[in-house]
Amino acid sequence: MSNDKQRPEPRPGILGIDPYIPGESGEPGEGPVYKLSANESPLGPSPKAIAAYQENAAEIGYYPDGSATDLRQAIGARYGLNPAYIVCGAGSDELLNLLACAFLGPGDEAIYTTHGFLVYPITIQARGATPVVARETDRKASVDAILDCVTERTKIVFLANPNNPTGTFTPIDEVRRLHAGLPSNVVLVLDAAYAEYVRRNDYEAGIELVSSSDNVVMTRTFSKIYGLANLRLGWVYCPAEIAGILNRIRGPFNLTGPAIAAGIAALADKDHLEKAIAHNDKWLPWLIEKLTGLGLGVTPSVGNFLLVDFPDDGVHDMAHADEELKRHGLILRRVGNYGLPNSLRLTIGTEEANRLLVDVLGNFMKNGGKQ
Ligand SMILES: *Cc1c(COP(=O)(O)O)cnc(C)c1O
């Protein structure tokens, strides 16, 4: 044994990763707290999902069904997909990680866009691969810019559609053009975490494209509109070969039984889903109109959240706004680590939270926070 002790060293690239910063929950203070920082559903989960979860509590001494067969069948039935081409994960984050694990190593490159979801650079660097950032146009993914970034080292393109934190989306024609321009060995990952919220004729989550190609996958989650973020439940629809690859490397029991049961119950409760869609359809445009009316910059969003830009005048700026909102129990998300230092992202909340938010920001813009 030598005297100069060697510490365990991670692989190159790991220590260069900026850890993911989750949305704050807020400290229990005097008044109510409105958590608008993580794009969770203001309606919460379906009561049927909670009941299914509880009914499964007695089973936690046994290993779950490692292939989540019943859940894959329920998803397949709901979307008309072959369950054999569905792989479930502990949140779609796990599936993004598994895709990176399968296709990226040192020397490889993976592309995402300027304000793309920050899980992508983390998972790319965790594999020792190189993240390549394609510029956006008006905070929207640019297919031409992404294609310009492709080299013979490119292995994955990550596209969040709609994107978080911008809320913008890429029309399906553009997604098809992106796919057509990619070499056939590059995996196109369509991260459709907010697909259920989108009310646009020119949007598709990508099911057809996955079905008709060998190199496209679509990830989905129960964390957002289904209100099951705490369960960690996501799935990917992919070509048979890629499903075979992911099933080789995933944890053999990567989902819990109560989560599987709750996911199945959530899928079956169409009324709850419709309520969540209707709520967003009402309050997203309302908030866009009110906040724009206050003179704030609002990026047009098709999701359940809004990116709001504050004037950089030292009075009505993002940091002052955030403080003022917090004083009223409104917890938003700072997005400086997304290269958006003057913006806050807010989740569409309950009616009460939305009205309070507009009142607080209305006063703030009038009085500059000096009240
Ligand atoms: C929230 C979110 C996810 C989902 O994460 P889970 O791990 O399924 O909770 C994936 N992609 C984007 C862009 C998101 O905003």
Side-chain angles (χ1 to χ4, degrees), residues 20-25 35-42 44-45 49 68 71 75 86-101 110-124 126 136 139-141 156-170 175 188-198 203 205-206 217-237 246 250-251 254-256 259-260 262-263 266-267 276 280 299 301-307 332-335 337-338 340 345-348:
Y20 187 83
I21 308 170
E24 293 176 51
S25 295
K35 187 183 177 199
L36 306 178
S37 60
N39 298 346
E40 294 144 331
S41 171
L71 178 59
I75 295 167
I86 295 168
V87 180
C88 295
S92 42
D93 283 350
E94 184 189 23
L95 297 162
L96 297 170
N97 279 318
L98 290 174
L99 287 161
C101 175
I111 301 171
Y112 68 104
T113 67
T114 313
H115 302 112
F117 188 42
L118 278 182
V119 165
Y120 310 148
I122 292 174
T123 194
I124 295 164
E136 295 176 359
R139 295 189 179 166
K140 289 185 203 133
I156 296 184
V157 173
F158 288 103
L159 182 70
N161 196 22
N163 183 52
N164 168 16
T166 53
T168 56
F169 77 105
T170 308
V175 177
L188 174 58
V189 178
L190 302 174
D191 175 352
Y194 302 96
E196 297 86 354
Y197 284 112
V198 187
Y203 174 82
V217 309
M218 172 194 70
T219 59
R220 303 287 286 261
T221 184
F222 284 89
S223 299
K224 302 291 155 60
I225 202 159
Y226 288 104
L228 295 172
N230 202 340
L231 277 189
R232 314 308 303 131
L233 206 51
W235 53 282
V236 60
Y237 176 52
L246 297 178
R250 68 176 172 82
N254 58 336
L255 265 62
T256 68
I260 291 170
L267 276 176
N280 207 61
T299 303
S301 169
V302 296
N304 68 329
F305 56 93
L306 277 177
L307 185 63
L332 277 66
R333 177 66 156 266
R334 292 195 181 204
V335 282
N337 53 344
Y338 279 93
L340 298 161
R345 192 196 68 197
L346 63 94
T347 307
I348 310 306

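Just follow the structure's listing: the first ligand is 1, and inside any ligand the first atom is 1.
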Which residues satisfy the ring-ring contact (aromatic ring centres under 6.0 Å, His included) test with Y112, sequence neighbours excluded?
none
Not counting sequence neighbours, which residues clear ring-ring contact (aromatic ring centres under 6.0 Å, His included) with Y120? List them please.
F117, F158
Using a strict cut-off of less than 4.0 Å between a Lys/Arg side-chain nitrogen and an Asp/Glu carboxylate oxygen, indicate whether E196 and R220 qualify as a salt bridge.
yes
Going by the side chain to side chain donor-acceptor pair (under 3.5 Å) test, name the single residue among T166, T113, T114 that passes it with E136.
T113
For ligand 1, what is the set of protein residues having any non-hydrogen atom at a distance below 4.0 Å?
G91, S92, D93, F117, N164, D191, A193, Y194, T221, S223, K224, R232
T299: which residues meet the side chain to side chain donor-acceptor pair (under 3.5 Å) condition with it, sequence neighbours left out?
R139
Under a 3.5 Å distance rule, please check whether N39 uses its side chain to pair with a backbone N or O of K224 as donor and acceptor.
no
